[in-house]
Each structure stands twice: as C-alpha cells, then as structure tokens.
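Keep in mind it's a predicted model, so treat the numbers as computed, not measured.
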Amino acid sequence: MVKYKEFKLGDLFEIQKVKGINKSKLVNPNISTNEYDYVTRTSLNNGIESTTDFVCDVPYNEPNTFSLGLLQMTFFYRERSWYAGQFVRKIIPKFKLNTKIALYFNTIFSRLSKVLLSVLVRHVDNVFRDSKVRLPVTDADEIDFNYMEQYIAELEQQRLAELDSYLKATGLNDYGLTDEDKKILAYKPIFQEFKIVDLFNVVNTHSILKSQVANLENGNVPYLTAAEGNNAVLKYINCPKEWIDEGNCVFIGGKTMVAVSYTHLTLPTKRAV
C-alpha cells in the first residue's frame, strides 16, 4: 500500500524570474546541432519555439529544471540548457532530478495550471510556493523517489506493450524501407521566406448576421463565424446563391484569428484569404 503525505512546493522547488531575450538575438536558430532550446510562453512543442547556439552576454538556464509559461501557465521539463523569451519562470528542484522523476512532477504541475490561471501574474510565485501536493513517501515519511521512477517506468512499459500489440495487429511490426522511402527521408528541403500577399489574394467576404440565418436550417452550406471550435462552422443552412463565397480558400476568423481551409463553397462572416 502506497503511503502519501502533503508537501509545500516552496519546500521542494525554487521559482525564479529569468532574463528573457527576443528571437532576433538567437544565433543560427533551428540548426540540428544547436545546444540550447529557446523556450517561450507557447504551450506547443514542449514550450520550445526554436533552438540556438550560445548567445553572448545572456546567461542560459541550466538543464534538469522546469519552465513555466505565464500565458497559459504550462509547465515543461527542461532536459537541456535553455534560453527564455518574455514572461517565463524557472522552477528549480531542491533535490536531484532525473527524467522519470521529472515526468512524475510534470503531471502534478499540470493540475496546478488552472489554479495559476485564476490569479494575477504578480501573485503566481507566491501561489506556487504555497501550493501543497500529495507525494508518495517511505516509512520514514521521506519522499519516495524510487517509487516515482518505478511508477513511470511501468507506465512506459505498458504503453510500449500496447504499441507492440497494435503494430502486430495491423501488420506494421515487420517491414523495411524501400529505396524511395529512404530517398524521401534523406531529402533536406531548402526554405525561403515569402510574403503572404504574394501567394494569396486577401479579400473581404460577405458579412451575414446570425439574425439573418436564424430560420435557415437543413442546408448543405456551412455558416462560418469567428468561433475557434468545429472548424468555425456554426451550422449548415439553405441560403441565396448571392450570399455564398467560393471554396478552395483559407478562412480567417476576425476575432480568434484561427485559420481553417475549405475545399467547398462556404459562407464566412468575416475575412477570407
């Protein structure tokens, strides 16, 4: 039977402000041999917006720490040395940390995100320090780090076993790459910047109010709004042809700025590209 005990995060971790740098200061960004991650407030890609070589006159943050992006209050384990953008905190453990223990704590931290989102940014540090978490302990009431490592290891083995079963069931566990596959994987594309207006025509669409379509139902024309969910489709309607904008375009909601693509006729209410 696993025994648990409450601990104050401030007794286990330090939370610190870090010196943020702009992306323009990065050195040779996004090269595969870069030694440092560039971490921002994004909740995507483990918080990594780019990578960089060493940046002179700017202290990097040590590995085996956590980053906290203050926009969405997302925590990520930092296995490598890293630089930070604006509005990022560094969480430093007061104990020896490895990858498995970090994964255990990352799950605990994720539950704290909602709490931090409910307070002002200036109170985040104190709320983090005062927050209490339940952790497994030994008979001596000390944190059982061995249990944490074993627990994560068992989860990893379970997921690998599930993946192996899936590959066997689908016949994907025994295959080789063709010469064409190897050629595709070896291909290194060259990237170049282009202006969006050189590639797309940016035009305003019809602006149809919700009140105008309130009684229009059971159609096959999607009525789009500035909403973020459901690919921006509020409902499908019957409507006059003069209301309809052509498909094969990218629709941008003017409120959420979420871009979605459409290959059929659409009825957006804001702007389309």
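The main-chain N or O of Val55 is found under 3.5 Å from a side-chain atom of Tyr83 such that the two form a donor-acceptor pair. No donor-acceptor pair closer than 3.5 Å links the side chain of Lys25 to the backbone N or O of Cys56. Between the side chain of Asn98 and the main chain of Ile101, a donor-acceptor pair closer than 3.5 Å is present. Without hydrogens or angle criteria, Asp181 side chain to Thr178 main chain gives a donor-acceptor distance under 3.5 Å. Put simply, the side chain of Asn34 gets close to the backbone of Asn30: a donor and an acceptor are under 3.5 Å apart. No donor-acceptor pair under 3.5 Å is formed between the side chain of Asn64 and the backbone N or O of Glu79. Remark: side-chain polar atoms of Thr65 are not paired, donor with acceptor, to backbone N or O of Asn61 under 3.5 angstrom.
Taking every heavy atom of both residues into account, Leu12 and Phe7 meet most closely at CD1-CB, 3.9 Å. Of all the heavy atoms in Thr40 and Val88, the pair that sits closest is C-CG2, 3.9 Å. Minimum interatomic distance between Phe75 and Asn106 (heavy atoms only, all atoms of both residues): O-ND2, 3.1 Å. Residues Val58 and Lys19 share a closest heavy-atom pair of CG1-CD, 4.5 Å. Nearest heavy-atom pair, Glu6 versus Lys132, reported as atom, atom and distance to 0.1 Å: OE1-CD, 3.6 Å.
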Walk me through it: do Asp141 and Lys3 pass the test salt bridge (charged side-chain N to carboxylate O under 4.0 Å, His left out)?
CA-CA 9 Å; Asp141 281 347; Lys3 180 181 176 182; 2.7 Å; yes
List the steps, then state whether ring pair (Phe, Tyr, Trp, His ring centres under 6.0 Å) holds for Phe13 with Phe95.
CA-CA 8 Å; Phe13 298 89; Phe95 52 87; 5.4 Å; yes
Could you walk me through whether Arg80 and Glu35 pass the salt bridge (charged side-chain N to carboxylate O under 4.0 Å, His left out) check?
CA-CA 8 Å; Arg80 304 200 320 159; Glu35 185 178 354; over 6 Å; no
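Under the 6.0 Å cut-off for aromatic ring centres, Tyr104 and Tyr77 do not qualify, their centroids lying 6.0 Å or more apart. A ring-centre distance under 6.0 Å is found for Tyr36 and Tyr60.
Just one of Asp53, Thr51, Thr52 meets the side chain to side chain donor-acceptor pair (under 3.5 Å) condition when paired with Asn28; it is Asp53.
Within 6.0 Å of the CD atom in Glu62, the count of heavy atoms belonging to other residues, nucleotides or ligands exceeds 12. By the 6.0 Å contact criterion, OH on Tyr166 is open, its count of non-hydrogen atoms from other residues, nucleotides or ligands being 12 or less. Other residues, nucleotides and ligands contribute at most 12 non-hydrogen atoms within 6.0 Å of the CG atom of Asp57. Residue Glu193 places its CD atom among 12 or fewer non-hydrogen atoms of other residues, nucleotides or ligands, all under 6.0 Å distant. Heavy-atom contacts from other residues, nucleotides or ligands closer than 6.0 Å to NZ of Lys94 number more than 12. Heavy atoms of other residues, nucleotides or ligands lying less than 6.0 angstrom from OH of Tyr151 number 12 at most.
Tracing side-chain contacts under 4.5 Å through hydrophobic residues (I, L, V, M, F, W, Y), one reaches Ile15 starting from Leu117; they form part of the same cluster.
With hydrogens and angles left out, the side-chain atoms of Arg78 and Ser67 include a donor and acceptor closer than 3.5 Å. Residues Glu154 and Gln158 have side chains that never bring a donor and an acceptor to within less than 3.5 angstrom of each other. Looking at Ser43 and Gln72, their side chains do bring a donor and an acceptor atom within 3.5 Å of each other.
Between Phe109 and Phe128, the angle of the ring planes lies from 30° to 60°, which puts this pair in the tilted group. Relative ring orientation between Phe145 and Phe105 is described as tilted, the plane-to-plane angle lying within the 30° to 60° band.
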